[in-house]
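Convention: sequence-line order gives letters A, B, ...; per-chain numbering from 1.
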Amino acid sequence: MLRTHNCGELRAALAGEQVRLAGWVHHKRHHGGVLFIDLRDRYGRTQLTFKPESKALFERAEKIGHETVIAIDGTVTVRPAEARNPELPTGEIEVIVERMEILSAAETPPFVIEDEVNASEETRLKYRYLDLRRPEMQSATILRSHANRVTRDFLFAEGFLEIETATLVRSTPEGARDFLVPSRLQNGKFYALPQSPQVYKQLLMIAGFDRYFQLARCYRDEDLRADRQLEFTQIDIEMSFVDETDVLDLAERLLARLMSDLCGVNIKLPLPRIPFEEAMLRYGSDKPDLRFGLEIHDLSEIVKMSGFQVFTSAVESGGAVRAICVPGGAALSRKQIDELTAKAVKFGAKGLAQTKFEGGVFTGGIAKFLSENEMAGISGEFHPAEGSIILFVADSIATCERVLGALRLDLANQLDLIPKGSWEAHFVVDFPMFEVEEETGRLVARHHAFTQPKPEDVHLLETDPAKVRARAYDLVLNGYEIAGGSIRTHSSELLACVLRVIELTEDKAREKFGFLLDAMKYGAPPHGGIAFGYDRMMMLFAGRSSIRDVIVFPKTTAGQSLMDNCPNTVDAEQLSELGIKFDEGKIDR
RNA sequence: GGGGUCGUGGUGUAGCCUGGUUAACACAUCGGCCUGUCAAGCCGAAGAGCGCGGGUUCAAAUCCCGUCGACCCCGCCA
């Protein structure tokens, strides 16, 4: 071995031991007569001390640059009392170096390897291997590895099998845009990379594997965001002979285990189950952040006869008047209110009505349009504290939800209403089965076509499909959707009903997933499952605000890897083997 | 597809609004001093012509247009 110990483990108890350490030169402190080098590896830092008695060694050490990889032999020594560093686990000791070998010289790095990042993300991504040396990136990466282990331990103990599924799969036009892989053996045909192992895990249930999981890499060719990458990882889970209670129970216990083992946070189980409709009404979001209040109230009934035209016409045309009450909001400046209004407009509102509650009365803004009764009604809803502001949106229900949901989040951040270090998890359940596709006006499955409608809503499939709720659920942590799933339809008849609603002809359905329809004829057990967005979850656990910080080699928002410069062009030969020619007019350059 | 923020020595920023002598600061780098520091300290040096292209002007890092790149958001992501 090139080392007898790592850089994080030496303690005073080992004083006098002869050790061999290897690592990177982190910091160098030269005092003329004595020279310190902090040697770093993923376990920590150890102070190496060079004394001038050994002149040749001292002179070599003086010349060593940052990030050089060295190995040393030396003696563990307890530091003089006044020179101990209580900040470091190894701060009690130092290693007096007797021999040093340079294993690999380093050029001056483009940025200092420190947690106090002073490099831009662009630079960090270009030199990702250096960025990953920073303790913060090391701990996020290590955290993720531990999470893998905890997840596997937990699921194996629950009787699950880890089964890998194909990543060259059939393309389906449903859902996100597929990444396509051209076939050489069958020119003109393509594989797709899986958006998720969804159909394959269902087939595994039909095959009798009962309890399946996989840390599955998924690919979606859509625009990137702070919490979205082209490729990402799911903890993909599917179970047979279960109902939603079983799946949610397992999912929340897995989350609780991960949080306690990785973050030392204990969450109370069972987690709240919030119906979709309630989430939308009270929080304007299907993934509400419940770490703070600012609940939305529906005031339609109270103000539908109001003298304020905007309110009455919204209610008359089937919309609503909804509002949030912001404590301390009366102190918002004119400029801040204008900014909120601009935000509301950006999200589709025509404007943002407001009134302040000061001196025990509503004042300013739209107060002059409100009758005594209406004011009393609004007070009754909110019981506003002195110095609050009420923000109203009068519009279609969907717009009210979207706008107030966005403002609620915005204000929480702006007013610092989210307690630091707080955690809040819950399920959102009873999602609608279908939603209207914006462009075509057609109904499409909100989750996917294999989601089972709630039995008590099945009779609505023919008459009022928009009202049908699904046996679908999401798990929300601190306002992020970290898992989602459903109980699947395992009966061909019910599935046929659903496919009729989304106007998928039998032919088309056969073409898209005939193999799954066939499989369901041969004895499909009732089954359901859930998939965790692993990167998002790791981001939250690591306290970061971008999943790029928990992915070792991520892409930029333009889908580029700045380090190895991909995507890149390929040889003409490779293309010709695949039978691919470019439409030159379409290529960016 | 759309909106916004940013791009200045190796790195991070200031300067830009209100164009004008040698583009400032910190870290890193190099040299010197220093026997107890741990983001060591002190002294000194070198290092950029301001993402790229065009325009306005006597004069552009600064104003205008375009373009490229990074980031945030909307759309999109069953």
Would the base of [N] count as contacting [X] through its side chain, where contact means a donor and an acceptor less than 3.5 Å apart?
X        : N     : answer
A:Lys51  : B:G36 : yes
A:Glu94  : B:G36 : yes
A:Arg84  : B:G36 : no
A:Arg228 : B:C76 : yes
A:Arg548 : B:C71 : no

Within the structure, does a side-chain N or O atom of [X] lie under 4.0 Å from either OP1 or OP2 of [N]?
X        : N     : value
A:Arg29  : B:U37 : no
A:Ser120 : B:A70 : no
A:Thr49  : B:U37 : no
A:Thr556 : B:A70 : yes
A:His30  : B:G36 : no

Round to the nearest Å and state the distance from [X] atom [atom1] to [N] atom [atom2].
X        : N     : atom1 : atom2 : answer
A:Lys28  : B:U29 : NZ    : P     : 8 Å
A:Glu62  : B:U35 : CD    : C1'   : 13 Å
A:Glu122 : B:C72 : CD    : C1'   : 15 Å
A:Lys343 : B:C72 : NZ    : C1'   : 10 Å
A:Ile547 : B:C77 : CD1   : C1'   : 12 Å
A:Arg536 : B:C77 : CZ    : P     : 14 Å
A:Phe232 : B:C77 : CZ    : C1'   : 9 Å
A:Asn413 : B:C72 : CG    : P     : 15 Å

Taking all heavy atoms of [X] and all of [Y], pick out the closest pair and write down the distance.
X        : Y        : answer
A:Leu407 : A:Lys343 : CD2-CG, 3.9 Å
A:Pro197 : A:Gln234 : CD-OE1, 4.0 Å
A:Ala61  : A:Ile37  : O-CD1, 4.3 Å

Pairwise [atom1] distance, [M] and [N] [rounded to whole Å]:
N     : M     : atom1 : result
B:A60 : B:C77 : P     : 49 Å
B:G44 : B:G49 : P     : 26 Å
B:A45 : B:A40 : P     : 23 Å
B:G55 : B:G47 : C1'   : 32 Å
B:G4  : B:G66 : P     : 12 Å
B:G20 : B:G53 : P     : 22 Å
B:G9  : B:A26 : C1'   : 13 Å
B:G19 : B:C34 : C1'   : 48 Å

What nucleotide among B:U11, B:C71, B:U37 has an atom nearest to a side-chain atom of A:Leu125?
->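 Within the option list, the nearest is B:C71.
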
Looking only at side-chain atoms of A:Arg220, point me to the closest of B:C76, B:C77, B:U37.
->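 Of the options given, the side chain of A:Arg220 lies nearest B:C77.
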
Students often get this wrong, so: under 4.0 angstrom with heavy atoms, is [X] touching a base, only sugar-phosphate, or nothing?
X        : value
A:Arg225 : base
A:His448 : base
A:Ala558 : sugar-phosphate
A:Glu121 : sugar-phosphate
A:Val112 : sugar-phosphate
A:Arg177 : nothing
A:Pro110 : sugar-phosphate

[X] bridged to [Y] by N-O distance under 4.0 Å:
X        : Y        : result
A:Arg469 : A:Glu277 : no
A:Glu136 : A:Arg134 : yes
A:Asp38  : A:Arg29  : yes

Watson-Crick or G-U counterpart of [N], or none if no pair lies under 3.5 Å:
N     : result
B:C42 : B:G32
B:A60 : none
B:G7  : B:C68
B:A48 : none
B:G19 : none

Quick one: classify the glycosidic conformation of B:G10 as syn or anti, with syn meaning within 90° of 0.
->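 Anti.
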
Taking the six-membered ring of A:Phe292 as reference, does the NZ or CZ atom of A:Arg408 fall below 6.0 Å from its centre and within a 45° cone about the axis?
->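 Because its charged atom sits under 6.0 Å from the ring centre and within 45° of the axis, A:Arg408 does stack over A:Phe292.
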
Under 6.0 Å from the NZ atom of A:Lys28, do we count more than 12 heavy atoms belonging to anything else shown?
->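 Counting other residues, nucleotides and ligands, NZ of A:Lys28 exceeds 12 neighbours.
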
With side chains defined as the heavy atoms from C-beta onward, is the minimum distance between A:Thr46 and A:Ile93 less than 4.5 Å?
->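 Heavy-atom side-chain distance check passes, below 4.5 Å.
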
